[in-house]
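Beneath this line is the structure, given in structure tokens, with notes to follow.
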Amino acid sequence: MRKCMIAIFLLILSCVQPAFAEVYTTEKTEGLGDCIYVAGNPDNYPVEFYDEENNAYCGIIPDMLRTISERSGVDFVYINGNKADKNTMGENLQVEIVSSSENISTLSYYKDYLELVSFEKDGKTVKSGLVFTSLTDDVLISKTKAAASEIPEDVKSGIYLSYVAENAKINYIWIVIALVFCLSLLASVILLIFRIKRIRKENEADKMTDSETGMGNLQFFKYHFRYTISDISRSLYYIAYIILDSSYLRSYHGDSSFDDILKYTASVLSEHTGDREISARITENGFAFAFQSTNDDDAKKRLTEVMNELNSFEALKEENNKLVFHSAVYHLGSSDRNCEILLFNLRKNCSRIFGTEKQIVFCDIPSMNMIQEEKKITESILKGFEKNEFKMYLQFIVDNKTKKIVSAEALSRWDNPDKGLVGPGKYIGNMEIAGLISKHDFYMFELACRQLEKWKGTAFENIAISCNFTRITLSKENFIDKLKMISNSYSFDKSKIAIEITEDAMEKDRETATNNVRLCKEIGFRVYLDDLGSGYTSLANLCDYPIDVVKIDRDILLKTENEKGKDLFTGIIALAHSLNIKVICEGVETEEQNTLVSSSACDFVQGWYYSKALPLEECESFISKYDTP
């Protein structure tokens, strides 16, 4: 009975998983990013198949990948193709993973293998898994295998059984219809119908019950959200999404503590759930709570009591009052009838305070709508990568003494089919929120490598290009591996590429970032430090990183209108030179600014006075005209 309950519960979770998991389906493999491309079999039900209605891969392996994604933080992207395409994509190294039920030893692209599925069918053992191609780096393979090994066996079995149960459900309906028809001819038909109704009622109750906590599950919450909350009383309700830091609990307290706190949470929520109110466990570490309050203050007070009680769990008291529960709450409006969208938006809002000391965030209509808008923008950005809509523009940099063009900075522009040419200020922030900024950094880096290869052996081969990399990207362990993989695909002088460290945010892992910058120097790349004097770029970075060139922020240049500003400007240049670091002055736009910079000890100059950001097709003619006396 317990196995049945687990299978039914996982079947329900699999129906709603796409709203939360990070497994996508796309048409192309253009662009590079923090994801693993997968070539699947579109016609291998139930192991793996392509659902044309939802334009997505479904089945046992995709569901396993969603679970692996949640545990590892790695995104998987299925490449939509026919059955013959998958081996072709593997042989051409277009993908990191090929799903396979074949003899893997015969595959030319084989590097490693991870078995995910094994079951009996027609008296034979069927095995399927993931073939990692030689394109896949060892870090991603290890991370994927580690996450797969952590999946409990009952969860694996449940995923398989959920598809068996789906087929069984269809057959069961026809059996019941035939049975009722036959029994209608018998005198005892009325008693049998009553019995069938009672059994069905018990099964429905099982389907809406979470097997681990005994409380309602997502299906339970959706059902009662629809039928318990009437239009007349809707404005009295608040809906809260409560998230539990399961990774922290399992890491520091073990699985048994996690099981204990699940039961404790169910007990607390049940105690605080009144008549015509709803509470349920809707994901592994997520709970929903719909309750009534007369106003926002009363709702805040009531939810705070619940959260304080949850965060006071006895086993956590020695952890310096660390919050393991966080919540996002929203006051229902008259038109709020889609339970799943509300929960999705609340979950995203709740993730913004996850890991902080903030226990509750109250959401209004704009913040809820913003999540949906961010989702649309993210989908549009992903399509932009697929269709190569992001273009590289170059702004040229001149030598301060000779005024000759010596290098250029690679700048991103989005050639959006609906909005036209869009500047980075309109989409970089969304990329950071969606976790796509590193994909963008490497995408632009590849465009720069391609351009340098094109210029090799021409009159433009001495021009260097600097590429912006966020500190988020620099902090990644596989940064150097990706950098090498891209740059080694093109033939050019590595000293003509500069890695420009932006001032976007503090490093997530300073030690890894520092080591990555050092390795960049060993490869032969130059290192620039952007926007010295603003944001997160501090003088300490001059000591932390092996810097070749610093860029003085435009704000410093604007302050040279007074004597103190001029002293600051010249002092920064002198400091950099004392450390054997050259200096680029950014943002030179006027004759007055150019005169000031030209008379200084600054090495290079960048700004609209000399060059605007130009599309690639205009760059060569601009250089030729500029260098012509």
Side-chain angles (χ1 to χ4, degrees), residues 28-33 384-399 404-416 421-424 427-428 431 437-470 473-474 479-502 520-521 523-528 530 548-549 551 584 586 604-608 610-628:
K28 301 179 180 180
T29 59
E30 285 89 354
L32 294 163
F385 281 122
E386 291 178 9
K387 298 180 179 179
N388 295 317
E389 293 172 359
F390 293 97
K391 309 298 181 183
M392 182 177 73
Y393 277 51
L394 295 178
Q395 185 177 35
F396 291 99
I397 300 169
V398 303
D399 185 286
K404 295 287 187 180
I405 292 175
V406 293
S407 64
E409 179 180 358
L411 301 171
S412 173
R413 298 292 185 269
W414 185 3
D415 189 8
N416 188 287
L421 194 64
V422 182
Y427 56 86
I428 291 297
M431 286 183 173
I437 191 63
S438 295
K439 181 183 183 75
H440 174 267
D441 288 349
F442 287 115
Y443 179 97
M444 294 300 298
F445 178 73
E446 181 165 12
L447 293 181
C449 293
R450 187 179 301 163
Q451 189 62 34
L452 288 173
E453 182 182 64
K454 179 182 177 183
W455 280 348
K456 184 179 179 181
T458 71
F460 313 106
E461 66 177 350
N462 291 323
I463 295 176
I465 298 178
S466 62
C467 297
N468 291 301
F469 279 92
T470 63
T473 306
L474 277 173
F479 173 78
I480 290 297
D481 291 335
K482 286 194 173 184
L483 216 62
K484 286 182 177 179
M485 182 181 69
I486 297 170
S487 62
N488 289 340
S489 300
Y490 300 90
S491 176
F492 64 94
D493 182 355
K494 297 295 191 296
S495 68
K496 297 303 178 185
I497 276 277
I499 306 301
E500 186 166 329
I501 306 170
T502 66
C520 284
K521 291 280 291 180
I523 293 172
F525 300 137
R526 292 169 64 79
V527 178
Y528 289 8
D530 193 20
D548 295 298
V549 178
K551 286 188 169 185
I584 296 174
E586 292 185 294
F604 308 103
V605 189
Q606 178 180 357
W608 279 28
Y610 291 98
S611 165
K612 294 182 179 181
L614 300 172
L616 289 180
E617 57 268 20
E618 297 180 17
C619 288
E620 293 180 6
S621 61
F622 175 84
I623 299 170
S624 299
K625 290 177 181 178
Y626 183 92
D627 287 342
T628 302

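Distance alone, capped at 3.5 Å, is enough to place a donor-acceptor pair between the D548 side chain and the V527 backbone.
Minimum heavy-atom separation, S611 to Q395: O-NE2, 3.0 Å. Between E389 and Y443 the shortest heavy-atom distance is N-OH, 4.2 Å. Contact record, K391 with M444: O-CE, 3.9 Å, taken as the closest heavy-atom pair.
Inter-residue side-chain proximity for D415 and R413 is flagged as unmet; no heavy-atom pair is nearer than 4.5 Å. For the pair Y393 and L421, the minimum side-chain heavy-atom distance is below 4.5 Å. Counting heavy atoms from C-beta on, the side chains of L483 and I499 come closer than 4.5 Å. The shortest side-chain heavy-atom distance between H440 and F385 falls under the 4.5 Å cut-off.
The stretch residues 449-465 participates, sequence neighbours left out, in these salt bridge (charged side-chain N to carboxylate O under 4.0 Å, His left out) pairs: E446-R450.
Remark: K494 NZ is packed, more than 12 non-hydrogen atoms of other residues, nucleotides or ligands lying under 6.0 Å away.
For the pair K521 and F525, the cation does not sit on the ring face, since its NZ or CZ is not both under 6.0 Å from the ring centre and inside 45° of the axis.
Under the ring pair (Phe, Tyr, Trp, His ring centres under 6.0 Å) criterion, Y427 pairs with F390, W414, not counting sequence neighbours. F460 is linked by a ring pair (Phe, Tyr, Trp, His ring centres under 6.0 Å) to W455, counting only residues two or more places apart in sequence or in another chain.
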Decide yes or no on side-chain contact (heavy atoms from CB on, under 4.5 Å) for I480 and I523, but give the supporting numbers first. CA-CA 9 Å; I480 290 297; I523 293 172; 4.3 Å; yes

Checking F622 against E620 for the side-chain contact (heavy atoms from CB on, under 4.5 Å) test, could you report, in this order, the C-alpha distance in whole Å, the side-chain angles of both residues, the deciding distance, and whether it holds? CA-CA 5 Å; F622 175 84; E620 293 180 6; over 6 Å; no

